[in-house]
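Numbered from 1 within each chain, the chains take letters A, B, ... in sequence-line order.
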Amino acid sequence: MSAITLVEAVTQALAYELKHDKNVVLMGEDVGVNGGVFRATAGLQEKFGSDRVMDTPLAESMIAGVGIGMATQGMRPVCEIQFMGFIYPCVDQIINHAARLRNRTRGRLTCPMVIRAPFGGGIHAPEHHSESTEAIFAHMPGVRVVIPSSPARAYGLLLAAIRDPDPVIFLEPKRIYRLVKQEVPDDGKALPLDTCFVLREGTDITLITWGAMTHETMQVAEQLAHDGISAEVIDVATIKPLDTDSILQSVAKTGRCVIIHEAARTCGVGAEIAAQISEKALDRLHAPVLRVTGYDTVMPYYKQEDIFMPSVQRIRDSVDVALAY
Amino acid sequence: MNNNKKSVASFEIFYYEYLNEKGELIGELPGALQNNPELWQKFYRYLVLNRIYDETAIKLQRTGQLGTYPPTQGQEAIGVGMGMAMHEDDIFVPYYREPGTHLTRGVKMEELYTFWGGDERGNNFTKGTRDLPDCIPIGTQSLHGAGIAMAMKLRKEKRAVVVSIGDGGTSQGNFYEAINFAGVHQLPLIFVINNNHWAISVPTELQTHAQTFAQKGIAAGVPGEQIDGNDIFAVYHHVRQAIDAAHQGKGPYIIEAITYRMGDHTTADDASRYRPGNELDENKDKDPIKRLRTFMAAQNLWNEAKEKALYAEVKAEVDAAVQKYLSNTAAPATDIFDYMYDTWPESYHEQRDEVIAYHGGEA
Ligand SMILES: Cc1ncc(C[n+]2csc(CCOP(=O)(O)OP(=O)(O)O)c2C)c(N)n1
Ligand SMILES: [Mg+2]
């Protein structure tokens with residue numbers, strides 16, 4: 001078995017489900033012959049045919065709406081939105097239909113679909129190609145929001161997302177699509193959709209993050225270890241539903257917490273996590289919960305994107321503030 | 001005879017061309033184009049300028065000095081022809097593959113490089129200041145065009161809007177909504193559909209089952225036509241004609257300009273993965289620049305010496321723009337806040353202060 005990248009793990013999971021569940025179909029722009037602009041569906045049309053792996057006309061609300069229709073009939077569409085910046089026409093379909101169908105038909109109709117989209121900054125892309133707006137979807141009752149941060153988690157979580165009986169927004173951190181390689185057995189084993197992953201155990205402070213930011217956060221944890229400070233790093237992975245138990249356990253142990261995300265600060269997912277901690281573990285805290293985030297600005301075009309993105313330095317500085325209490 | 005049915009609507013779409021691939025005139029040149037060597041040479045200069053700007057952009061990208069860039073090679077006649085057909089106070093609402101229009105409307109070349117170099121300051125045009133910036137979310141610009149045209153109508157101005165969009169872009173709901181609105185209100189709005197046969201890797205057959213993109217307007221009551229988009233005479237004449245009709249209150253119009261994308265979709269794309277083997281070669285002869293040169297040479301208006309002189313002059317112009325672009329000073333870090341609102345909210349001052357602490361700048 002050879003080591004694969006995060007994006008190759010996505011392909012591996014898609015291929016596995018295409019092979020084992022005849023109801024699974026992939027649709028999106030350029031997912032066929034081209035194999036997706038990031039190669040996430042490379043070779044799949046050739047292998048499974050153009051009925052299972054479909055190039056669609058260029059219209060995102062169409063992709064989401066057609067996906068919903070197919071899902072009501074028990075198919076399992078996996079829709080690719082080429083970049084998260086173009087997902088917003090889907091919002092109407094997701095919030096008004098995908099997320100509500102089960103509830104408003106009292107379970108008669110359901111919507112087992114996945115919408116995948118690469119997201120996040122740091123690749124010097126054109127305008128609208130670098131945003132992180134997971135909070136918009138986390139705010140929608142009725143959907144799940146999942147963000148993998150390693151090849152193994154991409155594989156296991158995507159399998160789980162496709163098999164889940166409800167709509168899942170699956171956001172792929174494209175900055176780390178090819179950053180690391182890992183051996184990922186193609187065993188069809190899904191990971192749970194409501195559990196955080198502890199990437200590193202520690203006792204002095206809890207660092208909570210997801211997606212590409214796990215990398216900067218792990219670097220900070222290593223720096224800290226060097227300085228004799230033991231940091232616990234949590235990859236939230238399933239933004240919704242949020243595994244608050246794991247988070248609270250960790251914070252109860254360390255008494256200090258910094259949340260790191262690339263998305264803008266106001267009403268970001270960090271705010272929800274901080275609120276949960278303040279509601280349920282205030283008495284265990286030695287320091288206020290701090291956030292290191294993008295700013296409340298448009299994601300800057302790439303010459304200035306580094307100013308926006310949380311850096312190792314910014315994370316470390318916040319950690320030092322939390323530790324000083 | 002069947003008394004149960006009668007025809008209640010029918011349509012026809014016409015295709016127009018004036019200068020063929022070999023650089024020969026097909027019939028007569030229309031209107032202002034006739035016996036107008038000055039205009040022909042102006043077209044030619046802008047076409048060459050566009051091409052060298054474009055080749056230079058690709059080189060800059062390959063050497064790490066520009067971001068992802070969408071080439072225009074083979075499609076220059078649409079951008080240039082459309083831009084030259086517009087009147088100064090018409091408004092251009094672009095997608096992202098029409099530098100020729102920007103240049104003919106007076107946008108500075110260094111501004112275009114600055115934009116594709118990842119810097120919003122490139123959108124701060126010093127001329128053509130009411131034109132919209134390039135639009136990346138496909139199709140969304142359609143409705144802005146309709147809104148601008150509505151403003152013109154309400155203010156009783158004799159102006160028009162030109163919206164450009166790709167073949168793929170016409171699959172978006174926004175496009176249909178815009179032509180519908182423009183039809184209802186008979187707005188001075190011209191859509192130029194750049195049909196380059198591809199939307200990244202998706203061919204037009206997978207984009208629509210309609211025979212033409214021009215006919216997409218029919219359902220909205222908006223007339224349209226097809227033109228040879230590699231024939232700058234056709235582009236110039238038909239866009240100008242549609243604009244002039246719009247100025248006279250005759251309402252919206254759709255022009256489908258047929259061209260071919262000679263390059264990759266962008267510098268991040270590799271068209272060899274999906275483009276059939278011989279397709280590029282088959283389209284090489286359709287080059288819009290070559291055919292105009294052949295035509296002018298046949299009229300004794302052009303020769304090797306003039307060609308050389310023009311290329312030298314245009315190269316110098318492009319080089320100067322590149323130098324200006326490359327010598328841009330870094331924007332202040334605080335720019336990310338300072339153009340968000342009229343004034344950055346006091347309640348968020350900590351964020352701005354933090355950026356100053358890390359990157360410098362004025363409080
Ligand atoms: C709403 C939206 N979806 C997807 C994309 C990604 N994308 C960029 S260009 C493109 C194809 C556009 O094709 P077409 O409209 O024919 O214009 P062309 O690039 O061929 O000139 C796609 C899918 C985007 N920019 N915006
Ligand atoms: Mg196209």
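Among residues 311-318 of chain A, the residues having any heavy atom closer than 4.5 Å to a heavy atom of chain B are, in sequence order, A:Gln313, A:Arg314, A:Asp317. Applying a 4.5 Å heavy-atom cutoff, the residues of residues 333-348 of chain B that approach chain A are B:Ala333, B:Asp335, B:Ile336, B:Phe337, B:Met340, B:Trp344, B:Tyr348.
For the pair A:Gln304 (side chain) and B:Pro332 (backbone), a donor-acceptor distance under 3.5 Å is present. The backbone N or O of B:Ala330 lies less than 3.5 Å from no partner atom in the side chain of A:Lys303, so there is not a single donor-acceptor pair.
Of the two parts of A:Thr297, the backbone and the side chain both hold a non-hydrogen atom closer than 4.5 Å to a non-hydrogen atom of chain B. In this structure, chain B has a heavy atom under 4.5 Å from the side chain of A:Phe86, while its backbone stays farther away. With a threshold of 4.5 angstrom between heavy atoms, B:Tyr358 approaches chain A through side-chain atoms but not through N, CA, C or O.
Residue B:Ile136 holds its CD1 atom at 6.5 Å from NE2 of A:His129, rounded to the nearest 0.5 Å. Taken from CD in B:Glu350 to CZ in A:Arg265, the straight-line distance is 7.5 Å, to the nearest 0.5 Å. In this structure, CG on A:Asp30 lies 10.0 Å from CZ on B:Arg273, to the nearest 0.5 angstrom. Distance CZ/B:Arg352 to CG/A:Asp296: 14.5 Å, rounded to 0.5 Å. Put simply, CG on A:Leu58 and CZ on B:Phe175 are 13.0 Å apart, with the number rounded to the nearest 0.5 Å. Between the OG1 atom of B:Thr68 and the CD1 atom of A:Ile123 there is a distance of 7.0 Å, given to the nearest 0.5 Å.
The candidate from A:Thr266, A:Asn34, A:Val298, A:Asp55 with the greatest count of non-hydrogen atom pairs under 4.5 Å with chain B is A:Asn34. When each of B:His359, B:Glu354, B:Gln351, B:Glu120 is scored by its heavy-atom pairs under 4.5 Å with chain A, the top score falls to B:Gln351. Between chain A and the residues B:Asp269, B:Val202, B:Thr266, the most heavy-atom pairs under 4.5 angstrom are made by B:Val202.
The shortest side-chain heavy-atom distance between A:Glu127 and B:Asn123 falls under the 4.5 Å cut-off.
Enclosure of atom CD in A:Glu46 is not indicated, since only 12 or fewer non-hydrogen atoms of other residues, nucleotides or ligands lie within 6.0 angstrom. Taking a 6.0 Å sphere around CZ of A:Arg52, one finds it holds more than 12 heavy atoms contributed by other residues, nucleotides or ligands.
Pairing each heavy atom of A:Tyr301 with each of B:Asp119, the nearest pair is CD1-N, 3.3 Å. Closest approach of B:Gln172 and A:Ala59 over heavy atoms only: OE1-CA, 3.4 Å.
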From CA spacing to verdict: side-chain contact (heavy atoms from CB on, under 4.5 Å), A:Val37, B:His265 = CA-CA 11 Å; A:Val37 296; B:His265 169 70; over 6 Å; no
